[in-house]
**Q** 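Sharing a structure below in structure tokens format, with a few things to ask.
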Amino acid sequence: MRYDQARWTDDGAEGDEGADERYEPLLTEKNSEEVEVDSPLPDDLTRDSLELPALEEPQLARHYTRLSQMNYGVDSGPYPLGSCTMKYNPKFTEDVAALPSAAVHPDRSERSVQGSLALMHGLQDYLARIGGMDAVSLQPPAGAAGEFTGILVAKAFHEANGEGDQRDEIIVPDSAHGTNFASAALAGYEVVELPSGDDGRVEVEALEAAASDRTALFMLTNPNTLGLFERDIEEIAEVVHDAGGLLYYDGANLNALLGQARPGDMGFDIMHYNVHKTFATPHGGGGPGAGPVGVVSDLAEFLPAPRIREAEQGGGYERFDPESTIGKVHGFQGNWLVLVKAYAYIARLGDEGLTDASAKAVLNANYLASQIEYEVPFEPFHHEFVASAGDQDAADVAKRMLDYGVHPPTTKWPEIVSEALMTEPTEIESRDTLDQLAEAFDAVAAEDDETLANAPNRTTAKRIDQTSAARNLRLSWQSLEAEE
Ligand SMILES: Cc1ncc(COP(=O)(O)O)c(C=O)c1O
């Protein structure tokens, strides 16, 4: 068992009674002074004075260090959130994104940002090759935004074929991520939920029954959220295409396939890449991320504008609007610095490195699953597995794992597995770390319900009201103060 977070408060006293004792005051609460504001802006837009913290550098450094120690992150330990893919973000990609030349204003002239355009053109190309797609847009800012964009592209395609009104359904398997259902509904489609077969995969007969001339799209994650490869993918593609629909690849699990197989070769027409999961940039707190969308050639004309191409007149690169573009889905090119990190990561790893990363992600998941007591009902899985907490409550298991110094897996989803513990150790973890994770799983598996229900005991915050935290966001202390 491991617990080593600093407990020193500002006056040097050690909080020894556990979580409730730990509290880090705001900088202004420590010491502040009123500073006069001399601003060139109009008087009615500015204040006369401002309360600012008045602290020495060591106090500041310790404040932020203490705050970071209250938290848990990929830099503190393993973070095996299934499907959400939290992996270590190599620091060299941060260095590249922090280069002064990466800080370009999006309104600068094309001629003065040729390096940035070359990078984006290169990334479009990398992603197209990795996914087996013909054209890529870098604009969408997250996987979910990529889904929505892909659906709009499919809609534009069907409309151009005179089938826009008729094709009003999108089929989504019951194991899919909630954003698939939400994106389809948001784009105005009827969502047809497809129950998984007994083996956790898509049942071709059930798909045949669901697909019709109303089908616009079938959205599929492969490997699916149970980590299972959809072995019948070629038949699935045939059924969807025979019905006149398109096949959408949710790229959240692409890090199981890099260099091994390509969605385009499996028959997918549209896909998004969660570059923040598969390549670099940690995924969390809602972003910032990037969810580029790739399509086969028939759909390229509908992609968001602008895209990047080699300049038609002379050398270099230029932005262009695809012929029948659906328009913009984000300002300028999307989350530029996230794209820089993705480019740097792919360029550094190369073909072999990416293939190796996938192989290790699959190996690590299989090793970890083989070391834990909890049952894993669906096999053979790839880069993630879904264990069942059995009689225990998966949410309690998760809270208790925090006491063992490791982050828990994703819980209670997919619902096909009761009390699901969806686990994705990723390629970055060493065997020692996987063993440490397995020990935590097994220790919690042996504990009684009361212990679990009272966990966590060793974290800064105990149980928070997660629903209110999500639905009633207070993103600054000012909003809290205003309410009070
Ligand atoms: C299977 C799957 N699809 C889509 C998404 C949505 O991706 P994003 O969080 O980038 O919006 C996720 C997120 O974790 C996911 O796991």
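Start at 1 and go down the list; that is how both ligands and their atoms are numbered.
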**Q** If the condition is side chain to side chain donor-acceptor pair (under 3.5 Å), which residues does Glu235 pass it with, not counting sequence neighbours?
**A**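 Side chain to side chain donor-acceptor pair (under 3.5 Å) list for Glu235, sorted by chain: empty.
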**Q** Should the pair Phe157 and Phe302 be assigned to parallel (<30°), tilted (30 to 60°) or perpendicular (>60°) ring geometry?
**A**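 Perpendicular.
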**Q** Going by distance alone, is a donor N or O of one side chain under 3.5 Å from an acceptor N or O of the other, for Thr179 and Glu147?
**A**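 Side chains of Thr179 and Glu147: pair found under 3.5 Å.
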**Q** Hey, which atoms in ligand 1 end up nearer than 4.0 Å to a heavy atom of Asn274?
**A**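 Result: 7 (O), 8 (P), 10 (O).
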**Q** Just jot down the ligand 1 atoms closer than 4.0 angstrom to any heavy atom of Thr179, in number order.
**A**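 Per the distance check, 4 (C), 5 (C), 6 (C).
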**Q** Parallel, tilted or perpendicular: which fits the ring planes of Tyr249 and Phe268, with parallel below 30° and perpendicular above 60°?
**A**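 Tyr249 and Phe268: perpendicular rings.
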**Q** So, Tyr88 side chain and Glu429 main chain: donor-acceptor pair closer than 3.5 Å or not?
**A**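 The answer is no, because no donor-acceptor pair under 3.5 Å joins these two groups.
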**Q** Could you tell me whether Asn180 and ligand 1 have an N or O pair separated by under 3.5 Å?
**A**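 In fact, backbone or side chain, Asn180 has no N or O that close.
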**Q** Heavy atoms only, cut-off 4.0 Å: how does Ala252 contact ligand 1, side chain, backbone, both, or neither?
**A**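 Side chain only.
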**Q** With atoms numbered from 1 as shown, which atoms in ligand 1 lie under 4.0 angstrom from a non-hydrogen atom of Cys84?
**A**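 Checking each atom against Cys84, I get 14 (O).
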**Q** With only distance considered, is Thr225 within less than 3.5 Å of ligand 1 through an N or O on each side?
**A**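 Min N/O separation from ligand 1 is not below 3.5 Å for Thr225.
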**Q** Looking at Ala144, which atoms of ligand 1 are within less than 4.0 Å of one of its heavy atoms?
**A**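 Contacts of ligand 1 toward Ala144, numbered from 1: 6 (C), 7 (O), 8 (P), 11 (O).
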**Q** Going by distance only, is there an N or O of Ala142 that falls short of 3.5 Å from an N or O of ligand 1?
**A**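 Such a contact does not occur with ligand 1.
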**Q** Is a donor from one side chain sitting under 3.5 angstrom from an acceptor on the other, for Glu230 and Asn224?
**A**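 Present: a donor and an acceptor within the cut-off.
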**Q** My understanding is that we take every heavy atom of each candidate and find the minimum distance to atom 12 (C) of ligand 1. Doing that for His276, Met86, Lys277, which one comes out nearest?
**A**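 Answer by nearest heavy atom: Lys277.
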**Q** Looking at Lys277, Lys360, Lys87, which hits salt bridge (charged side-chain N to carboxylate O under 4.0 Å, His left out) with Glu427?
**A**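 That would be Lys87.
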